[in-house]
Amino acid sequence: MIDFGFNLAPSSAVNLDEIDLSRYRALLRMEPDARICMGCGSCTATCTAGPFSGMSVRKVLLALERGQHVEVNRMLEGCMLCGKCMMVCPRGINTRHLILSLCRIKQEENYD
Amino acid sequence: MIERVPGAFHPFVLPFVAGMVFVLGWCLVGMVRILVELPREDRRRFFLSLVTPKTAWKNIKDIFLNCLIHVRLWKRNKVLGYMHSSIAFGWFMLILLGHIEVILFVPERVHFLYYPIFFNFFVAEADSTLQGSLLMFLMDFFLLVILSGIALAMVKRFRSRLFGMRRTTRPSVLDRVGLYSLWAIFPLRLMAEVFTAHISGGSFLTGPINALFLHFFSNDLHYMPTWWAYSIALGVFMFVLPFTRYMHIPAEMLLIPMRNAGIGIRHPRRGFAKLEYYSCPGCGVCIDACPMTASRANVKDCTVYLNRQLRRGNERRIEQISDKCLLCGKCTEVCQVCVQGPELRVAQRRMRSYALSPDYSQIDTAPMQAAVRGAKVLYFAGCMTQLTPSIRKSLEALLRRAGVDYKLMDPDGGLCCGRPLSMAGREEQARELMAKNTEIIRASGCEVLLLSCPICYRVFRESYDLPGVRVVHHTVFLRELQLAGRLPLRSGPETFVYHDPCELGRGCGIYEEPRRLLDGVGTRVEAASHHAESVCCGGSLGSLTLGYRQREAIVRASLKNLTAEHPATIVTACPLCQTTFARYADRPVEDISQTLLRNLG
Ligand code: SF4
Ligand code: SF4
Ligand code: SF4
Ligand code: SF4
Ligand code: SF4
């Protein structure tokens, strides 16, 4: 192939019929509150780790629902457990514990 | 006194002897196990402390004051103090006096385990000596003291409110067996000695009752069953002791010297930690003290129940209890044996395995290092102060006013100090963050590291290695500026109450500086519980599982405690306390820097 100095980005389309939701379901069993997130992004705005690693609780939840585990892992690895997201969440979600639970859930396979 | 039983033996002593041998053996094995479980350097340190005269003397003093007299309990609650020390000290005296009697009158029996306990059974009064009657008097006196303690214990079991305790523990089945046998021991001893008082002699208590009974009973046959019952009660108590909360008696005697040797919790279940949770007598003082019990659902998550579940090895409950706690440290403050509830819980949290661990190696601190180079005073606002910018701005305004040459370490948001991670039991990751922060601070070459959040302050003070850098909380720093005349304050009519943040007060022992500062700007009242007994705001990051809704009752109870004297404004020195209180308070809640800025002269 001729190198034009650029190429096409791989497709990021999510096929909802094929994604693996086991991790999200496991999370919902441990943290039923994950359902009540309204995606306001307050957690993202205050996140200490965000500027360094792109961590965002909102995005983590979204990515889980889409089965994007690599992204989830990358974000979780940046979290510093500072608890600010929990303090600002308007839905009163214990996001800090949610993150700990996600870190505990044994992944079926290695997504990376 | 002469011996009256041939062979100096009677089978009734067997239950006692069996129980005693069992319990001594058990404790010996337990002690050896704990010593083996200690890390080697701790063990060395322990043995060294035993032969160091200073610590050895302190051990004896502390064991006497805490195990027998229960001074810490006296300070909290006089009736409870009397109840416990009357039983413990009284029993100790009975045993000691029993030995003195044996040594004085039948020295050849001194190596018999049961002789001092059943002395009155084995001897008859031959002549009345001054020593003899003094000892008999003392024996009766201490027996009476114990009986008064037992009577109080009975009342307490059924009417704990009379003792100023709102809630007390619910004993387990074996605890009950131990409790009832303990209650039975001393009345039975009284009766046994009463029945033999005309043979072996008695004093002001046993003598007259004996004379009274002699009117009813025509022979001596009935005293044998009473001595049997007394011995059996002792035997039962000693057989169940290792499986009940009474294990605290031997455990505490080992805990005190270990603590004096400077040993701490290293492993969640072994060595010192095990000793701590066995040392808890289940007095229940920590229940009323715990801020979580503002809501009834949390009563079973207090330290007393943690200790109980750790002894039982109930993993599910241990996890729940460990994760819920606010780590405020109040239970340790009020505890008579100083069980380190928060440290024990963090140790449990550390045991947990995670499938995924944070990794901060990608974070490049070079730009942050460059930005702070050359600062004399480095101010680290930290996550919590970033969330409350008004506190940061107020403090910066005060610093400028006082002419302090400072630099902000995290103007665009920095790294977390690491304490929230270590509270969650992720110590390794916390260390990683600490290393990054250390790089930045060292590069700055600062002399003073200024913190406005007690959570950060504590971890920088305790866990960071920053030679040549003075770590200081803003309350202390501002007080120094005030004393140096660089912070002119104007006094007004406003009334304040100061809330001691857990990490600053109990955690770092800073109580006076903020109070003196407030004295300079208005009238200060105290909360109902303050200083070391202050009540956590309820927002603590220590708790992993308490959510927003479950915290409300805790925050409200803490506010009620603060506003007992109707102050106009609540002042604290922690951004987290400030945000937490402000959510539910009916009056302004400020950080001390905001209050001072408003009242600059
Ligand atoms: S706890 Fe983690 S996700 Fe939440 S604000 Fe802190 S760093 Fe961000
Ligand atoms: S702050 Fe709460 S509700 Fe808003 S996006 Fe984050 S988790 Fe969801
Ligand atoms: S932990 Fe301390 S205060 Fe609580 S029950 Fe045990 S001894 Fe009493
Ligand atoms: S540390 Fe505080 S919240 Fe935790 S058990 Fe002790 S008193 Fe209760
Ligand atoms: S936020 Fe304040 S009162 Fe609450 S735990 Fe922390 S220091 Fe204590």
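Below, chain A is the first sequence line, B the second, and so on; all start at residue 1.
For the pair B:Tyr379/B:Ser452, a side-chain contact is recorded, criterion being any heavy-atom separation below 4.5 Å from C-beta on.
Comparing B:Ser357, B:Ser353, B:Gly418 by heavy-atom pairs within less than 4.5 Å of chain A, the highest count is held by B:Ser357. Of the listed residues (A:Arg96, A:Arg91, A:Met86), the greatest number of heavy-atom pairs within a distance under 4.5 Å of chain B belongs to A:Arg96. Comparing B:Ala430, B:Gly547, B:Cys416, B:Ser543 by heavy-atom pairs within less than 4.5 Å of chain A, the highest count is held by B:Cys416. Ranked by heavy-atom pairs under 4.5 Å with chain A, the list B:Leu546, B:Leu433, B:Asp410, B:Leu415 is led by B:Leu415. Counting heavy-atom pairs closer than 4.5 Å to chain A, the top residue among B:Gln362, B:Met384, B:Met423, B:Arg551 is B:Met384.
Ring geometry, B:His499 versus B:Phe581: the interplanar angle exceeds 60°, so the pair is classed perpendicular (tilted spans 30 to 60°). Under the 30°/60° scheme for interplanar angles, the aromatic rings of B:Phe380 and B:Phe460 are found to stand perpendicular.
Partners of B:Arg419 under the salt bridge (Lys or Arg N to Asp or Glu O under 4.0 Å) rule, at least two apart in sequence or in another chain, are B:Glu503.
Ion pairing between B:Glu315 and B:Arg269 holds under the 4.0 Å rule for side-chain N and carboxylate O. Note on A:Arg25 versus A:Asp20: no salt bridge recorded, every NZ/NE/NH1/NH2 to OD/OE distance being 4.0 Å or above.
The contact between A:Met87 and chain B is made by backbone and side chain atoms together, counting heavy-atom distances below 4.5 Å. Residue contact with chain A, scored on non-hydrogen atoms closer than 4.5 Å, involves the side chain of B:Ile363 exclusively. In this structure, the portions of A:Cys82 lying under 4.5 Å from any heavy atom of chain B include both its backbone and its side chain.
Considering B:Arg556, B:Gln550, B:Arg549 in turn, B:Arg556 is the only one that fulfils the side-chain hydrogen bond (donor to acceptor under 3.5 Å, both in side chains) rule with B:Glu552.
Residues of residues 42-49 of chain A that come closer than 4.5 Å to chain B, counting heavy atoms only, are A:Thr46, A:Thr48, ordered by residue number.
Applying the salt bridge (Lys or Arg N to Asp or Glu O under 4.0 Å) test to every pair with at least one member in residues 350-372 of chain B, sequence neighbours left out, gives these pairs: B:Asp323-B:Arg352, B:Arg350-B:Glu427. Residue pairs satisfying the salt bridge (Lys or Arg N to Asp or Glu O under 4.0 Å) criterion with at least one member in residues 56-67 of chain A, sequence neighbours excluded, are absent.
Ring to ring, B:Tyr360 and A:Phe52 are not that close: their centroids are 6.0 angstrom or more apart.
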